[in-house]
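One structure below.
What you see below is based on every heavy atom in this structure, not just the backbone, and it leaves out hydrogens, waters and symmetry mates.
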Amino acid sequence: MLQEMSKDDLTSRENELGNQFNAACQAGLKLDMTRGKPSPEQLDLANPMLSLPGDGVFTDSDGVDCRNYGGIDGLPQMKALFADILGCEPQDVIVSGNSSLTMMYDAVARAVLFGVPGGEKPWSQQGTVRFLCPAPGYDRHFEITSHLGFELLNVELTDEGPDMDRVEVLASDHAVKGIWCVPRYSNPTGITYTDEVARRLATMNAAPDFRIFWDNAYAEHHLTEEQQPVPDILQACRDAGHPDRVLMFTSTSKITMAGAGVSAMAASPNNIDDTRRHLSVQTIGPDKLNQLRHLNFFKNIEGLRAHMARIGKILKPKFDLVNELLEHNLGGKGIATWSQPKGGYFVNVNAPDDCARTIIDMAEKAGVKLTPAGAPFAYGLDPQNRVIRLAPSFPPLSDIRQAMEIFTLCVELAAIRKALN
Ligand SMILES: Cc1ncc(COP(=O)(O)O)c(C=O)c1O
């Protein structure tokens, strides 16, 4: 344990690690642990899609000509597939283009411009408006709301979901219009929301035009047999008498091809009707051929889940290696804690307070690129300067091994230097 080391021991360990660090800096490595995206091997599994739906195949099972305009909210079978993913009914679903992030941006932008069902005015006509950002969270969520003019409020993300005592207090201010949620295998801490958190989100006192942005991006992305159940937030909101409170999102970006997947949202009839009304001005219809391609590739939810099991087999050894090296190099030293996610794309490391920025800078000097310090927090500011997000999906195992040796070296060296100071 670092806390039990004498000053002499600390100094000699600092020398030893300092020499290793200098050697690593000379080695000229170029490693990248920032990219939360599928590896080429994962993408290869979806290659058969590139020849689908195939020459002369352009109708879905209902005879819809997918080459043409129309079908504003998606093919019926694609809605059914997303309903299985999101745990709702096909009529609750709108299927759109390749990016759920675009759908989320559009949903916030529409609410800013036009308001939402049950709201009196557009969000832009209500003075200062605020948004809750459970953190550590997904930086791009937070950027959408800061870009569109919201004041961001960090809320601690616990192992069960956002700190609901805090959320309930903040949401009672009706200038607070929404909250970002990644309910399963959250980015980056890997936690899954509990039923109790979902119930409290659904029942709490909040503005009538408050919306939960429930981004189930990792709905099908398990790393173990133990598939953590995700709360039924749509039903919880109905039960609480707030059926319009939640908008759910997902996509196949990290299921098939990250640049050429299909995205979807699901919500109450009021929200879906309102969204469809706006969409019909924005577009004459989505890319139905890509929806058909996905349907022909998967056939049904069982086909999709079998595909995800194959992806899990590629990802699991990478997550295991990250954990093994963290445990081997930092375990029992009282320096850092880290997540051991059961799904999703990230490992979250809590370094000693005030050290994350230093560690990330050191790693960069030694050739390892890490996600910028503070990225998982509103405005990019980690109040304790300790959270570091690792993304093991893209690099090969050999790169992960080298990168983690350097990363753990930087963590220990920074911790020892802090202790010596
Ligand atoms: C939580 C979360 N939501 C959404 C996305 C992006 O989804 P899409 O590719 O469908 O826009 C990501 C990508 O990393 C993510 O982590």
Side-chain angles (χ1 to χ4, degrees), residues 35-86 90 93-104 184-185 215-223 227 248-266 283-318 343-345 391 393-396:
R35 295 165 296 187
K37 58 186 192 180
S39 65
E41 302 80 69
Q42 282 172 252
L43 297 169
D44 285 348
L45 291 179
N47 276 348
M49 268 190 15
L50 295 175
S51 46
L52 292 172
D55 193 4
V57 182
F58 45 79
T59 51
D60 75 348
S61 56
D62 294 333
V64 172
D65 186 337
C66 297
R67 299 170 304 178
N68 221 329
Y69 278 143
I72 193 90
D73 52 6
L75 298 176
Q77 274 189 302
M78 200 66 198
K79 287 196 214 176
L81 186 67
F82 276 120
D84 284 337
I85 294 174
L86 288 168
V93 177
I94 289 179
V95 184
S96 184
N98 73 316
S99 161
S100 60
L101 204 67
T102 303
M103 290 192 95
M104 292 177 244
R184 189 183 239 176
Y185 311 134
D215 177 7
N216 209 344
Y218 300 103
E220 299 289 342
H221 304 57
H222 313 287
L223 288 168
Q227 307 191 347
M248 309 199 291
F249 300 88
T250 195
S251 77
T252 68
S253 287
K254 288 168 182 170
I255 295 178
T256 54
M257 299 192 177
V262 184
S263 63
M265 75 175 270
T283 175
I284 318 176
D287 178 352
K288 294 185 295 302
L289 279 176
N290 198 30
Q291 295 181 27
L292 186 62
R293 179 178 297 129
H294 278 73
L295 286 171
N296 290 357
F297 182 57
F298 289 129
K299 311 284 189 243
N300 51 35
I301 189 70
E302 286 76 31
L304 184 145
R305 289 187 176 144
H307 182 81
M308 289 312 286
R310 289 190 280 278
I311 287 187
K313 287 206 172 74
I314 296 176
L315 287 173
K316 180 78 169 42
K318 298 186 175 186
Y345 259 58
S393 62
F394 192 83

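The minimum heavy-atom distance between F297 and A46, with the atom names listed, is CZ-CA, 3.9 Å. Nearest heavy atom pair, residue G70 against residue K288, reads O-NZ, 3.0 Å. Here the shortest heavy-atom pairing between G74 and Q291 reads CA-OE1, 3.5 Å. Across all their heavy atoms, I72 and T283 have their closest contact at CD1-O, 3.2 Å. Closest non-hydrogen pair, K79 versus V93, comes out as CD-O, 3.4 Å. A pairwise comparison of heavy atoms in T256 and L43 identifies O-CD2, 3.6 Å as the closest pair.
Side-chain contact between I255 and H221: present, with at least one pair of heavy atoms (C-beta onward) separated by less than 4.5 Å. Between P90 and F82, every side-chain heavy-atom pair lies at or beyond the 4.5 Å cut-off. A heavy-atom distance below 4.5 Å is not found between the side chains of P396 and K318. Side chains of I85 and I301 form a contact here, defined as non-hydrogen atoms less than 4.5 Å apart. Put simply, the side chain of V64 reaches to within 4.5 Å of the side chain of L75, judged on heavy atoms.
Judged purely by atom type and a 3.5 angstrom limit, S100 has no side-chain atom pairing as donor or acceptor with the backbone of S263. Here the side chain of T250 pairs a donor or acceptor atom with the backbone of N216 at under 3.5 angstrom. Within the 3.5 Å criterion, the main-chain N or O of L289 finds a donor-acceptor partner in the side chain of D287. Between the S393 side chain and the G36 main chain, no donor and acceptor come within less than 3.5 Å of each other. Judged by distance alone, with hydrogens and angles left aside, the side-chain atoms of N296 form no donor-acceptor pair with the main-chain N or O of L52 at under 3.5 Å. R35 places no side-chain N or O within donor-acceptor distance of the main-chain N or O of F394, the cut-off being under 3.5 Å. With hydrogens and angles disregarded, no donor-acceptor distance shorter than 3.5 Å links the side chain of Q42 to the backbone of I311. For N290 (side chain) and A260 (main-chain N/O), a donor-acceptor pair under 3.5 Å exists by modelled atom type.
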Note to self: For R293 and V57: C-alpha separation, side-chain torsions, deciding distance, then whether side-chain contact (heavy atoms from CB on, under 4.5 Å) applies.
What the structure shows: CA-CA 10 Å; R293 179 178 297 129; V57 182; over 6 Å; no
Note to self: Test side-chain contact (heavy atoms from CB on, under 4.5 Å) on Y345 and K37; report intermediate values, then the result.
What the structure shows: CA-CA 8 Å; Y345 259 58; K37 58 186 192 180; 5.6 Å; no
Next item on the list: Take V262 and N98 through the test side-chain contact (heavy atoms from CB on, under 4.5 Å) and record every step on the way to the result.
Entry: CA-CA 4 Å; V262 184; N98 73 316; over 6 Å; no
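The aromatic rings of H294 and F298 are tilted relative to each other, their planes meeting at an angle between 30° and 60°.
Note: M308 CE to K254 NZ = 10.5 Å, rounded to the nearest 0.5 Å. In this structure, CE on M265 lies 11.0 Å from CG on D73, to the nearest 0.5 angstrom. To the nearest 0.5 Å, atom CD of residue E220 and atom CG of residue D84 are 8.5 Å apart. Interatomic distance, I94 CD1 to M78 CE, rounded to the nearest 0.5 Å: 14.5 Å. One distance of note links CG of D65 with CZ of F58; it measures 5.5 Å at 0.5 Å rounding.
Judged by the 6.0 Å distance and 45° axis criteria, R184 is not positioned over the aromatic ring of Y218.
Between the side chains of Q77 and S61, at least one donor-acceptor pair of N or O atoms lies under 3.5 Å.
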